[in-house]
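Heads up: the structure comes next, in structure tokens.
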Amino acid sequence: GTVRPCFRAASSLYMVSDQKLKGYFFLTPPLYFIPDLLPPGVCSLLNPAAIYANNEISLGDVEIYGFDYDYTLAQYSNLLHSMIFNTARDILIEQFKYPEGLRKYEYIPGFAIRGLHYDVHKSLLMKIDAFHYVQLGTAYQGLKPVPDEEVIEMYGGTQHIPLYQMSDFYGKGPSIKQFMDIFSLPEMTLLSSVTDYFMTHNIEYDQVHLYKDISDAIKDVHVKGMMYKWIEKDMEKYILHGDETYAVLNRLVNHNKKLFLITNSPFSFVDKGMKHMVGKNWRDLFDMVIVQADKPNFFTDRRKPFRKMDEKGSLHWDKISKLEKGKIYKQGNLFDFLRLTGWRGSKVLYFGDHLYSDLADLMLRHGWRTGAIVPELETEIRIINTEQYMHSLTWQQALTGLLERIRFQGFLFSWLNSKLFPSRSLSKNLFNPQFGSIFRTFHNPTYFSRRLIRFSDIYMASISCLLNYDVNFTFYPRRTPLQHEAPLWMDQLCTGCMKTPFLEEMVHIR
Ligand SMILES: *[C@@H]1O[C@H](CO)[C@@H](O)[C@H](O)[C@H]1NC(C)=O
Ligand SMILES: [Mg+2]
């Protein structure tokens with residue numbers, strides 16, 4: 001394409017800044033050029049269907065592909081969230097005798113985001129960054145934001161949350177919980193709605209009990225099988241992109257890859273869903289099917305043996321000395337799985353949507369390669385691709401750059417500083433008005449992002465992204481400079497961008 005004048009403005013700006021760093025000349029140009037700073041084509045650059053790499057991995061070396069089921073092979077529509085919300089709300093009212101007035105609360109789509117932390121004793125839902133700081137402006141009690149000063153006061157004069165004392169590795173600690181699965185969106189919204197009701201009606205309540213009741217009501221929806229029934233009754237409505245799941249599995253098998261499934265869901269439910277997506281012979285594609293596996297304990301606990309299960313769901317007592325293709329197994333543990341299959345190390349790639357239950361132990365203890373399914377990537381990338389977001393980000397970068405260089409705390413400093421916060425808030429609100437992006441606090445990665453990078457080799461919006469890559473494709477993470485390394489402007493501007501897959505380049509593979 002043609003080079004628009006704004007690109008020349010941008011490159012000359014960088015040259016000016018490089019040469020004249022010691023003077024004040026650089027103070028003016030960026031403010032002039034902000035609207036024109038975007039290189040051509042920078043918007044819509046990122047592909048929501050791309051796979052992003054944290055670690056180098058060559059698919060050619062992967063012989064065995066493993067999958068979780070819910071939200072990995074089966075993507076569910078958001079309709080499920082309001083069903084879960086309404087049903088759990090009614091359980092609270094009818095079985096736990098919560099006030100009838102709660103019935104006026106409906107599910108609020110887009111209220112919460114995944115990865116938030118909840119301080120049980122303070123009834124505080126908040127977003128925490130990679131350094132364990134609350135992102136100010138993202139702490140909510142009930143449905144209302146808590147002013148920054150109050151949050152700081154609650155934690156003894158700091159925004160730092162002592163997660164190591166208050167939470168545990170899987171985010172299930174005594175006083176602070178982390179909401180990590182996609183089913184937890186209705187849970188957080190219900191928690192906030194009930195808290196809102198109690199606060200606005202001045203009802204005194206025990207915060208710990210409230211948390212437990214709500215989490216029990218939500219669990220009932222799963223465990224008592226209500227959710228399974230809705231999905232089974234109307235697959236078309238609840239299960240999305242089944243044909244793409246079929247295409248992914250079929251393609252892998254055609255390239256002589258072995259497939260297995262490890263899910264916490266019961267066989268009858270998985271079987272119906274897979275028949276819907278893949279067809280009645282879906283089990284021919286899989287070498288191993290393990291249901292009700294009780295992850296993450298499956299990965300850490302050696303004691304639970306595999307049990308063989310027949311089509312009707314009856315369990316057999318024979319000792320399992322080999323895992324056979326075409327059979328269904330229940331429970332078990334990874335140690336036996338590795339011993340019986342010999343599928344060890346980096347020839348195995350396992351996909352799951354839950355960073356802790358699916359991926360953490362595999363990465364930290366067992367050395368399989370891991371792929372994280374993060375459906376939020378799709379919407380977040382679409383937002384990052386908008387001109388509005390790009391402008392806001394460029395403006396923030398320019399402001400931050402200037403603030404860094406101004407050594408005196410004068411008028412200009414306060415003026416620039418006063419522009420920074422509104423701009424950061426604007427970008428945050430583009431993602432979600434309450435909590436912003438799941439990946440970033442204003443400038444830092446979120447706690448969720450840090451864990452995502454730690455526990456996954458690659459991450460993507462859905463497994464269908466695999467269809468965009470050759471079966472022997474090698475993923476290389478983009479080289480991003482560490483803080484002490486040279487910024488390498490041109491490298492970042494050009495090669496950095498070029499290495500993210502473009503929509504056009506990928507079209508022909510599929
Ligand atoms: C992938 O690599 C293997 C081994 O090098 C080769 O046999 C196979 O044909 C390749 N597959 C494709 C689709 O390129
Ligand atoms: Mg799952």
Side-chain angles (χ1 to χ4, degrees), residues 55 57-70 72-73 245 248-267 270-271 274 278 281-311 313 315-354 356-373 455-458 463 466 471-472:
N55 191 11
I57 174 171
S58 170
L59 293 184
D61 297 337
V62 176
E63 298 163 23
I64 304 140
Y65 282 74
F67 299 93
D68 165 51
Y69 179 72
D70 293 291
T72 298
L73 289 181
T245 298
V248 171
L249 300 176
N250 206 35
R251 183 168 181 253
L252 291 172
V253 169
N254 286 340
H255 286 96
N256 301 317
K257 306 293 182 187
K258 291 190 185 319
L259 309 187
F260 67 91
L261 179 68
I262 301 178
T263 171
N264 285 354
S265 286
F267 178 72
V270 175
D271 187 45
M274 289 299 282
V278 176
N281 296 326
W282 70 271
R283 278 163 58 203
D284 295 348
L285 298 177
F286 286 83
D287 274 70
M288 230 61 85
V289 176
I290 291 153
V291 297
Q292 290 168 291
D294 190 25
K295 295 178 286 186
N297 299 330
F298 181 88
F299 298 119
T300 53
D301 186 343
R302 293 169 183 270
R303 281 166 305 181
K304 289 178 181 159
F306 281 108
R307 303 278 305 274
K308 201 190 277 178
M309 201 176 186
D310 64 26
E311 300 273 339
L315 289 169
H316 295 250
W317 283 105
D318 29 341
K319 187 170 159 53
I320 305 297
S321 53
K322 56 178 190 286
L323 294 170
E324 294 169 275
K325 180 163 178 168
K327 302 277 189 302
I328 309 145
Y329 298 92
K330 184 184 154 173
Q331 216 153 47
N333 64 78
L334 189 76
F335 300 89
D336 285 350
F337 186 87
L338 295 176
R339 186 169 51 79
L340 296 169
T341 58
W343 291 349
R344 286 171 200 281
S346 52
K347 63 183 178 193
V348 187
L349 170 58
Y350 185 77
F351 292 88
D353 63 288
H354 200 299
Y356 302 156
S357 294
D358 287 320
L359 308 180
D361 293 303
L362 288 174
M363 175 62 88
L364 299 176
R365 299 166 191 248
H366 301 294
W368 284 359
R369 308 308 296 267
T370 55
I373 304 300
F455 301 143
S456 66
D457 288 295
I458 48 177
I463 59 158
L466 279 171
V471 285
N472 284 348

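The residues of the chain are indexed from 1 along the displayed sequence. Computed from a prediction, not measured in an experiment: that's the story for all the values here.
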Interatomic spacing from [atom1] in [X] to [atom2] in [Y] - rounded to 0.5 Å:
{"X": "Asp310", "Y": "His316", "atom1": "CG", "atom2": "NE2", "value": "4.0 Å"}
{"X": "Asp61", "Y": "Leu349", "atom1": "CG", "atom2": "CG", "value": "11.0 Å"}
{"X": "Asn250", "Y": "Thr245", "atom1": "CG", "atom2": "OG1", "value": "12.0 Å"}
{"X": "His366", "Y": "Phe299", "atom1": "NE2", "atom2": "CZ", "value": "7.5 Å"}
{"X": "Leu285", "Y": "Leu261", "atom1": "CG", "atom2": "CG", "value": "11.5 Å"}
{"X": "Leu59", "Y": "Ile458", "atom1": "CG", "atom2": "CD1", "value": "6.0 Å"}

Tell me whether [X] contacts the main-chain N or O of [Y] through its side chain, where contact means a donor paired with an acceptor under 3.5 Å.
{"X": "Thr72", "Y": "Asp353", "value": "yes"}
{"X": "Asp457", "Y": "Gly371", "value": "no"}
{"X": "Arg251", "Y": "Leu466", "value": "yes"}

Sequence neighbours left out, what passes ring-ring contact (aromatic ring centres under 6.0 Å, His included) with [X]? Give chain and number order.
{"X": "Tyr65", "result": "none"}
{"X": "Phe298", "result": "none"}
{"X": "Phe306", "result": "none"}

Legend entry - Parallel, tilted or perpendicular: rings of Phe286 and Phe67 (30°, 60°):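 Judged by the thresholds at 30° and 60°, the geometry between Phe67 and Phe286 is perpendicular.
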Heavy-atom pair with the smallest gap, counting every atom of [X] and [Y]:
{"X": "Asp361", "Y": "Pro296", "value": "OD2-CB, 3.9 Å"}
{"X": "Arg344", "Y": "Trp368", "value": "CA-NE1, 4.1 Å"}
{"X": "Glu311", "Y": "Phe267", "value": "O-CE2, 4.2 Å"}
{"X": "Ser456", "Y": "Thr370", "value": "CA-OG1, 3.1 Å"}

Legend entry - Residue pairs passing the side-chain hydrogen bond (donor to acceptor under 3.5 Å, both in side chains) test where at least one lies in residues 284-300, sequence neighbours excluded: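 Non-adjacent pairs meeting side-chain hydrogen bond (donor to acceptor under 3.5 Å, both in side chains): Asp68-Lys295, Asp294-Asn297, Asp294-Lys304, Lys295-Tyr350, Lys295-Asp358.
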Inset, instruction - Can you tell me which residue pairs pass the side-chain hydrogen bond (donor to acceptor under 3.5 Å, both in side chains) test with a partner in residues 324-334, sequence neighbours excluded? - result: Asn333-Asp336
Legend entry - Ring centre gap for His354 and Phe455 strictly below 6.0 Å: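 No.
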Legend entry - Test log, rule side chain to side chain contact (heavy atoms under 4.5 Å, CB included), inputs Asn472 and His255: CA-CA 10 Å; Asn472 284 348; His255 286 96; over 6 Å; no
Inset, instruction - Dump the intermediate steps for side chain to side chain contact (heavy atoms under 4.5 Å, CB included) on Phe260 and Val348, then the final yes or no. - result: CA-CA 10 Å; Phe260 67 91; Val348 187; 3.8 Å; yes
Legend entry - Stepwise side chain to side chain contact (heavy atoms under 4.5 Å, CB included) check, Phe351 with Val248: CA-CA 13 Å; Phe351 292 88; Val248 171; over 6 Å; no
Inset, instruction - Answer yes or no: is there a side-chain heavy-atom contact under 4.5 Å between Val270 and Leu73? - result: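 A side-chain contact is absent here, since even the closest heavy-atom pair is not under 4.5 Å.
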Inset, instruction - For side chain to side chain contact (heavy atoms under 4.5 Å, CB included), just list the numbers for Val289 and Trp282, CA-CA rounded to whole Å, side-chain angles, deciding distance to a tenth of an Å, and then say yes or no. - result: CA-CA 11 Å; Val289 176; Trp282 70 271; 4.1 Å; yes
Legend entry - For Ser265, all residues meeting side chain to side chain donor-acceptor pair (under 3.5 Å), sequence neighbours excluded: Asp70
